[in-house]
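The structure displayed is predicted, hence computed values, not measured ones. Each chain gets a letter, A, B and so on, in the order its sequence line appears, and its residues count up from 1.
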Amino acid sequence: MRQSKSLIRTYREPPADAETKSHRLLVRGGYVRQLTSGVYTFLPLGWRVMKRIMEIIRQEMDAIGAQELFMPSLTSSSLWEESGRWESFGDDMFRLRDRKGRDYALAPTHEEIISEIARNVIHSYKDLPQIWYQLQTKFRDEPRPRGGLLRVREFIMKDSYSLDATWEGLDESYAKHRKAYERIFTRCGLKFVHVKASSGLMGGKESEEFMVISDAGEDRLVLCDSCGYAANVEVAPAIPEERVEESPFKELKKVHTPNVRSIEEVSEFLGVEPKFLVKSLVYMTDEGPVLVLVRGDHEVNEEKLARILPNPRLATADEVLSLLGVEVGFVGPLNVSLPKIADHAVRYLRGFVVGAGEEDHHIVGVNPEDLGDVRWEDIRYATEGDRCPVCGSPLRLVNAIEIGHIFKLGTRYSESMGVFFSDRDGQRKPVIMGSYGIGPGRIMVSAVELYGTENSMLWPKSIAPFDVHIVDLVGEGEEIYDLLRRAGYDVLWDEREERAGVKFKDADLIGVPLRIVIGRAWKDGKVELQDLWAQERLELPKERLLEVLKERLSRP
RNA sequence: CGGGGCGUAGCGCAGCCUGGCAGCGCGCCUGGUUUGGGACCAGGAGGUCCCGGGUUCAAAUCCCGGCGCCCCGACCA
């Protein structure tokens, strides 16, 4: 590609509203452009990167025997009604109506469509197993898109679906995907971890996420530096350090705390760290209201609560008032007749602070034994300093970008949507399914977050938009350009009438990892090859260029 | 959905409070000088000031309504 003819535009200044490094760099480098909230155009440069990522995905999916297909995005409501997700997806689903008034959705994921195909083509155990995948645009009306390309409303996703006759078969399909995913992310040059995850709306049994650790990420993980354990905080067991924490309050005492309600307010008013407060939250359940107690600096994990209590939901302020006769800020566990569930961490506190159960008062100096009858459970998100469930070392809390997710779905969709097959014994059985996603756009973002600096990008060679960038300072590079193109490389040739500084700055921003500078040594028949990953500059006679370039490109 | 901020040239912004010719830097075009890390000089093009309504002799500026975008939170494969 001749750069002077290309649609590559770089910008000296980032858009004012870009918060993440990847957003700034991708816009400045002319990779992407926002159209509306959470919707982006991939400009030619960005699309080249996407195509290379998708090609790697295709190769590795094909390698595990998966077959590529392409399903529609426009889907009628009836399919979603069958699975029950017309309701449960709620506002996250983009919905529209045709001229006859029928309801449609732009597919946010494709389990229902796969099931519809499967129930028509899968009849016998002989038809199984199958793995089908596609690269398709998904639509999700996210309540809040953010971080540039990190969370968007329209995005390409590689989604695959496994169909098996047996649970062992599902395990195999799942294992194949895990392997394929590891190869894909490795080939894309990413550093990643995989973690146990929550399966959320998808429904299902086991699931793992593939994560790139990055401050820009929205997910939170706990990591164990000594044994390598990693998990999403959503599912990680919260095991507190077994060390008693003594507050300054030695005596049980009621104190006047006028209009002091929130954890921050109470903590500041009493001059005590939030960890010495205990939050008392009223949850409504199918078995009646329950008082849930966690440390002031901890967060209740409602998914964990739901494993213990039937359908818990936080009580409204009005419900609390009519139930306990006290306002939300002053609810406390003493002298309350509700059943109590407390997080384990509360057990290690001495002299903590709780609401007094009456307006404008708290009680300080409370000990666990004062709480009376309490059920001790793990009901909160894990956090920094909790213990590793494998080896007991302290855990570290980090942010991460989710780039892939694999699920064992089981029979959730096959049963609701009627995907059955006849087994060897003549019995009709539901197909056992798995579903597996990868966000190519997030791979791109992750690479930028990992390897970009404030003014430069450095793409892994496998997903760079070009194999090599010729920075031609003398305007005589056509010979080299032709040479490399004939050798089959994707070459960007900067033959613009620009000063050297401009060309270098642009090249840094574009971030092609191998760069050939045609400059002052050209009169001696030499060029400079820069390998940005190796941080090396080699001055080479042009005759040796192809040989050395080939070797450099073969390195990761 | 709650809280906050912003919409003025392709990008970054000033002007708004206190109404009176729509500006600055970068980018773009032309000519010249320059030429290995975002050059310099001269000239030039480019605007529904987010939209609609109102107040006024006069609205980017004041008032009312709407739309859009961003951030924090809630939410989320």
Side-chain angles (χ1 to χ4, degrees), chain A residues 7 9-20 23-24 27-30 33-40 85 88-93 107-112 138-148 150-153 155 157-161 197-204 207-211 217-220 232 234 262 299 302-303 314 401-409 412-413 434-439 442 455-456 471-475 494 496-510 515-523 527-528 530 537 539:
Chain A
L7 201 138
R9 292 295 120 84
T10 58
Y11 299 88
R12 195 175 291 223
E13 301 195 61
D17 51 27
E19 294 288 315
T20 59
H23 191 190
R24 289 191 293 271
V27 172
R28 282 187 64 200
R33 196 185 159 78
Q34 181 174 355
L35 184 63
T36 182
S37 179
V39 180
Y40 284 80
R85 290 210 288 186
S88 62
F89 247 110
D91 290 336
D92 278 8
M93 192 143 74
T109 173
H110 279 79
E111 282 78 11
E112 281 78 357
K138 302 288 193 245
F139 297 87
R140 294 189 189 171
D141 193 0
E142 295 289 344
R144 186 152 92 76
R146 72 184 97 183
L150 250 177
R151 175 159 297 272
V152 287
R153 300 195 296 168
F155 58 101
M157 177 170 164
K158 187 289 299 179
D159 48 323
S160 51
Y161 305 88
S198 145
S199 29
L201 244 190
M202 306 296 293
S207 98
E208 280 167 81
E209 290 166 326
F210 291 77
M211 296 282 197
E218 301 180 284
D219 284 88
R220 313 215 79 199
N232 197 306
E234 308 269 337
S262 68
E299 289 293 325
E302 297 191 353
E303 263 186 65
L314 198 57
I401 301 167
E402 179 189 351
I403 51 176
H405 203 155
I406 57 180
F407 288 93
K408 290 185 183 176
L409 288 176
R412 151 94 175 77
Y413 295 94
S435 100
Y436 315 87
I438 291 180
R442 285 192 175 172
N455 290 306
S456 74
V471 178
D472 184 352
L473 303 180
V474 295
D494 188 354
R496 295 173 303 165
E497 304 259 338
E498 286 288 355
R499 295 166 62 83
V502 172
K503 294 192 180 199
F504 282 123
K505 291 288 182 192
D506 280 348
D508 290 343
L509 214 39
I510 292 167
R515 186 180 296 170
I516 292 168
V517 182
I518 301 179
R520 40 175 101 87
W522 179 246
K523 59 183 187 310
V527 297
E528 180 178 312
Q530 300 184 358
R537 300 181 174 200
E539 196 163 272

Nearest-0.5 Å distance that lies between atom [atom1] in [X] and atom [atom2] in [Y]:
X        : Y        : atom1 : atom2 : answer
A:Arg499 : A:Leu473 : CZ    : CG    : 11.5 Å
A:Glu142 : A:Arg151 : CD    : CZ    : 4.0 Å
A:Thr109 : A:Arg85  : OG1   : CZ    : 5.5 Å

Partner lookup for [N], please. Criteria are Watson-Crick or G-U wobble with both distances under 3.5 angstrom; report none if nothing qualifies.
N      : value
B:rU35 : none
B:rC24 : B:rG12
B:rG73 : B:rC1
B:rA42 : B:rU30
B:rU55 : none

> Say you pick atom C1' in B:rC64 and the same atom in B:rA45; how far apart are they, in whole Å?
Replying inline: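 My reading of the C1' atoms in B:rC64 and B:rA45 gives 38 Å.
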
> What integer number of Å spans the P atoms of B:rU61 and B:rG4?
Replying inline: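 That atom pair is separated by 23 Å.
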
Within the structure shown, what part of the strands sits under 4.0 Å from [X] by heavy-atom distance: base, sugar-phosphate, or nothing?
X        : answer
A:Leu509 : base
A:Glu218 : nothing
A:Val517 : base
A:Gly147 : sugar-phosphate
A:Glu209 : nothing
A:Asp506 : base

Tabulated below should be each protein N or O lying under 3.5 Å from an N or O of nucleotides 27-30 of chain B; please produce it.
unit_1, atom_1, unit_2, atom_2, d
B:rG27, OP1, A:Arg12, NH2, 3.3

Identify all pairs in which a protein N or O lies below 3.5 Å from an N or O of nucleotides 41-44 of chain B, and state each distance.
none

> Starting at CG of A:Asp472 and ending at P of B:rU35, how long is that distance when rounded to a whole Å?
Replying inline: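 Atom CG in A:Asp472 sits about 17 Å away from atom P in B:rU35.
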
>> Quick check on RNA chain B: between A:Val502 and A:Phe155, whose nearest nucleotide comes earlier from the 5' end?
In response: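 Nearest-nucleotide comparison on RNA chain B picks A:Val502.
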
> Do the side chain of A:Arg28 and the base of B:rG10 come within less than 3.5 angstrom through a donor-acceptor pair of N or O atoms?
Replying inline: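 In this structure, the two groups form no donor-acceptor pair.
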
